[in-house]
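Computation of the quantities below employed the complete heavy-atom set of this structure, encompassing side-chain atoms and omitting hydrogens, waters and symmetry-equivalent molecules. Order of the sequence lines fixes the chain letters, A, B, ..., with proteins taken first and strands second; residue numbering starts at 1 for each chain. Computed from a predicted structure; not experimentally measured.
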There are 2 protein chains.
Amino acid sequence: MTKVDKIPEPTIKRLAFYSRPLEDLLESGPPVISSEKLADSCGVHPAQVRKDLAYFGEFGVRGVGYDVRDLLREIKRILATDKPVYLCIVGVGNLGTSLIENENFKKRGYRFKAAFDSDPEKQGEKLACGLIIEPNHRIREVCREKEIEIGVIATPPRGAQRVCDLLLDAGVKGILNFAPMQVRTTGDCRVENVDFTVKLENLAYHLHRLDESEG
Amino acid sequence: MTKVDKIPEPTIKRLAFYSRPLEDLLESGPPVISSEKLADSCGVHPAQVRKDLAYFGEFGVRGVGYDVRDLLREIKRILATDKPVYLCIVGVGNLGTSLIENENFKKRGYRFKAAFDSDPEKQGEKLACGLIIEPNHRIREVCREKEIEIGVIATPPRGAQRVCDLLLDAGVKGILNFAPMQVRTTGDCRVENVDFTVKLENLAYHLHRLDESEG
DNA sequence: CTTTTCATGTGCAAAAATTCACAATGTCTT
DNA sequence: AAGACATTGTGAATTTTTGCACATGAAAAG
Ligand SMILES: NC(=O)c1ccc[n+]([C@@H]2O[C@H](COP(=O)([O-])OP(=O)(O)OC[C@H]3O[C@@H](n4cnc5c(N)ncnc54)[C@H](O)[C@@H]3O)[C@@H](O)[C@H]2O)c1
Ligand SMILES: NC(=O)c1ccc[n+]([C@@H]2O[C@H](COP(=O)([O-])OP(=O)(O)OC[C@H]3O[C@@H](n4cnc5c(N)ncnc54)[C@H](O)[C@@H]3O)[C@@H](O)[C@H]2O)c1
């Protein structure tokens, strides 16, 4: 299907990145874009864009560029977001609620099909989206029943590993972890960690470097 | 100060990563840790840990390992998070509120010193942390007055670039951007983007790959 | 005091990722 | 129809990052 066996990990990240400006262009913009323009709006090198896309096929027209609509469709197909992806969330606190209510996920085909929380006070509560918060012991059954592929962890770090184990047991194939700790999984479940403080520490480091090189 | 001019970007990211298990160990664990153990709990290679740390000095003891307390202090010093870092947030919606209320930031020395929102309904509202939501036109004055170094953007993507420009004008040196779009800055202000859907798309891609290789 | 043990720090090799540079190939103009 | 032009797709060169392997040095054991 693809030109090489193993696609570089950074390429996958960038594909998702490319789709943002393409979505904007689709609504209001020229129907065609060059690798240079696309690279510009994503802050990468034009050759990088071409090489990334070339792993999966020849989507462009020489001398012209890429058809915005076609390219976006191809990228979505590659990333497997052309069909809905079913999610569940564990931990319906501040962050969890804001994730569920966020329109961005739905727009991109990610659907929350279930929500779990260990707090008995919250169980049974009906969310704006219509979901009812269920207890943790239902994770296995509900995930299997609703064919949930990805679990989102939005609990405090203390409970994260236990929740992770429950999700593994429920057969999810991917976990998006917001708790600031490393969770262990088996080989056939992939974890992506989202840690804002890592990004902040990155900023703090470079701010400081800037001061030094100035002085 | 450091052994080479340019520290690899991945090294900085990992330093932030290393600090989390160290914080846990500090509370309850042995006072010394080996590069192997530390690497294990972060999912990286032991030699990587040693090399990353070696850029900044010799923090370990041969035959023994690293003193947890010392190492954590060194890492915090390197990342410039040994002193408080002042933040402001623009866009106090679902996500913004959950960020402000999150204890994790405070624990690591990040302090929200101001909050802004363009919605007149929200302006003047007092948050749980004591901050009062101010209008955007106050960004410049307040940021300069309170010596805010980093701005957090939590507005819808449409307004993000405008907000970014205001923050630049206010003299912030770093921006943490949660809006799913690329914002443009001048050279002396660094941007870090947080985009959950990129991570989700990553997961979706690999889920699909897994299916393929199985079939 | 000497030997053994253990884990660091690091030069070097390998692997991965990025960028260059240009032939290939399409469109537009005359 | 031919030439000018623009931009892709890609092999090669370069840069960056990772991992190996072992000398080095500190502590513990004998
Ligand atoms: N809020 C943020 O902006 C933010 C930012 C970065 C990281 N995080 C991380 O995300 C996680 C959630 O943050 P939050 O602000 O929503 O916290 P929160 O305290 O508001 O919500 C946590 C929720 O998880 C539930 N919970 C606790 N243990 C559970 C378990 N074992 N199983 C199921 N549910 C459980 C609680 O009942 C609560 O509803 C934390 O780990 C936090 O560090 C949050
Ligand atoms: N909520 C999430 O979990 C989540 C996840 C991923 C990304 N995001 C992104 O984060 C951003 C905020 O998300 P949210 O869920 O909090 O949205 P929200 O609609 O709840 O809040 C947005 C807030 O920004 C304010 N605002 C709008 N334009 C502004 C401007 N120009 N200046 C100042 N304030 C302005 C609004 O008044 C509102 O209070 C969005 O870009 C969203 O895509 C959110």
Side-chain angles (χ1 to χ4, degrees), chain A residues 1-18 21-22 25 30-72 74-75 78 202 205-206, chain B residues 1-18 21-22 25 29-72 74-75 78 202 205:
Chain A
M1 189 187 186
T2 58
K3 298 207 174 172
V4 290
D5 287 350
K6 210 196 158 309
I7 309 294
E9 198 62 21
T11 290
I12 307 301
K13 287 235 170 74
R14 283 191 298 265
L15 283 184
F17 232 67
Y18 299 155
L22 289 176
L25 279 173
V32 169
I33 189 170
S34 69
S35 61
E36 193 170 345
K37 289 260 171 56
L38 183 54
D40 255 13
S41 45
C42 297
V44 301
H45 196 282
Q48 189 83 81
V49 172
R50 298 200 293 275
K51 181 148 285 191
D52 285 341
L53 296 175
Y55 283 119
F56 301 94
E58 304 198 0
F59 306 133
V61 179
R62 292 173 192 225
V64 179
Y66 299 89
D67 182 277
V68 172
R69 180 180 303 272
D70 287 353
L71 185 54
L72 188 56
E74 287 294 346
I75 290 179
I78 293 163
N202 226 279
Y205 171 81
H206 285 98
Chain B
M1 187 185 188
T2 56
K3 297 206 175 172
V4 291
D5 289 349
K6 208 194 160 310
I7 310 294
E9 198 61 22
T11 290
I12 307 301
K13 287 231 171 75
R14 282 190 297 264
L15 283 184
F17 232 66
Y18 300 154
L22 289 176
L25 280 173
V32 168
I33 190 170
S34 68
S35 61
E36 192 168 345
K37 289 260 172 55
L38 184 53
D40 254 15
S41 46
C42 297
V44 301
H45 196 282
Q48 189 83 79
V49 172
R50 298 200 293 275
K51 182 150 285 189
D52 284 342
L53 296 175
Y55 283 120
F56 301 96
E58 304 198 0
F59 305 134
V61 179
R62 292 173 192 225
V64 180
Y66 300 89
D67 182 276
V68 171
R69 181 180 302 274
D70 287 354
L71 185 54
L72 189 55
E74 287 295 345
I75 290 179
I78 293 163
N202 226 279
Y205 171 80

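Close to C/dT8, at under 4.0 Å from its OP1 or OP2, lies a side-chain N or O of B/Ser35. At the phosphate of D/dT17, neither OP1 nor OP2 sits under 4.0 Å from any side-chain N or O atom of B/His45. Between B/Gln48 and D/dT17 there is no side-chain polar atom (N or O) within less than 4.0 angstrom of OP1 or OP2.
Rounded to whole Å, atom C1' of D/dT8 lies 16 Å from atom CD of A/Glu74. At whole-Å resolution of the value, CD in A/Glu36 and C1' in D/dT8 are 12 Å apart. We find that CZ of B/Arg50 is positioned 12 Å from P of D/dG19, with the value rounded to whole Å. Protein atom CD of B/Glu9 is 15 Å distant from nucleotide atom C1' of C/dT18, rounded to whole Å. Distance A/Asp70 CG to C/dG26 C1': 16 Å, rounded to the nearest Å. Rounded to whole Å, the distance from OH on A/Tyr66 to P on C/dT25 is 15 Å. The interatomic distance linking B/Glu58 (CD) with C/dA7 (P) rounds to 18 Å, in whole Å. D/dT17 atom P lies 10 Å from atom NZ of B/Lys13, rounded to whole Å.
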What does the list of N/O pairs under 3.5 Å between the protein and nucleotides 11-14 of chain D look like, with a distance for each?
residue : atom : partner : partner atom : Å
D/dG11  : O6   : A/Lys51 : NZ           : 3.2
D/dA12  : N6   : A/Lys51 : NZ           : 3.2

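One finds the NE2 atom of A/His206 at 4.0 Å from the CD atom of B/Glu9 (value rounded to the nearest 0.5 Å). Distance CD1/B/Ile7 to OH/B/Tyr55: 7.0 Å, rounded to 0.5 Å. Between the CG atom in B/Leu15 and the CZ atom in B/Phe56 there is a gap of 5.5 Å [rounded to 0.5 Å]. We find the CG-CD1 distance between A/Leu53 and A/Ile78 to be 7.0 Å, quoted to the nearest 0.5 Å.
Here the side chains of B/Leu71 and B/Leu38 are in contact, with some heavy-atom distance below 4.5 Å.
When all heavy atoms of B/Arg69 and B/Asp67 are compared, the pair lying nearest together is N-OD1, 3.1 Å.
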Protein heavy-atom contacts under 4.0 Å, written 5' to 3' over nucleotides 23-30 of chain D as B (base), S (sugar-phosphate only) or - (none), form the string -BBS----
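Between B/Pro10 and A/Ser34, the one whose closest nucleotide on DNA chain D sits nearer the 5' end is A/Ser34.
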Show me the side-chain donor-acceptor pairs of residues 42-52 of chain B shorter than 3.5 Å, one per line, residues at least two apart or across chains.
residue : atom : partner : partner atom : Å
B/His45 : ND1  : B/Ala47 : N            : 3.1
B/Arg50 : NH1  : B/Ser35 : OG           : 3.0
B/Asp52 : OD1  : B/Thr11 : OG1          : 2.8
B/Asp52 : OD1  : B/Arg14 : NH2          : 3.0
B/Asp52 : OD2  : B/Arg14 : NE           : 2.6
B/Asp52 : OD2  : B/Arg14 : NH2          : 3.4
B/Asp52 : OD2  : B/Tyr18 : OH           : 2.6

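Considering B/Leu25, B/Val61, B/Val64, B/Asp70 as possible partners of B/Val32, the one that fulfils the side-chain contact (heavy atoms from CB on, under 4.5 Å) test is B/Val64.
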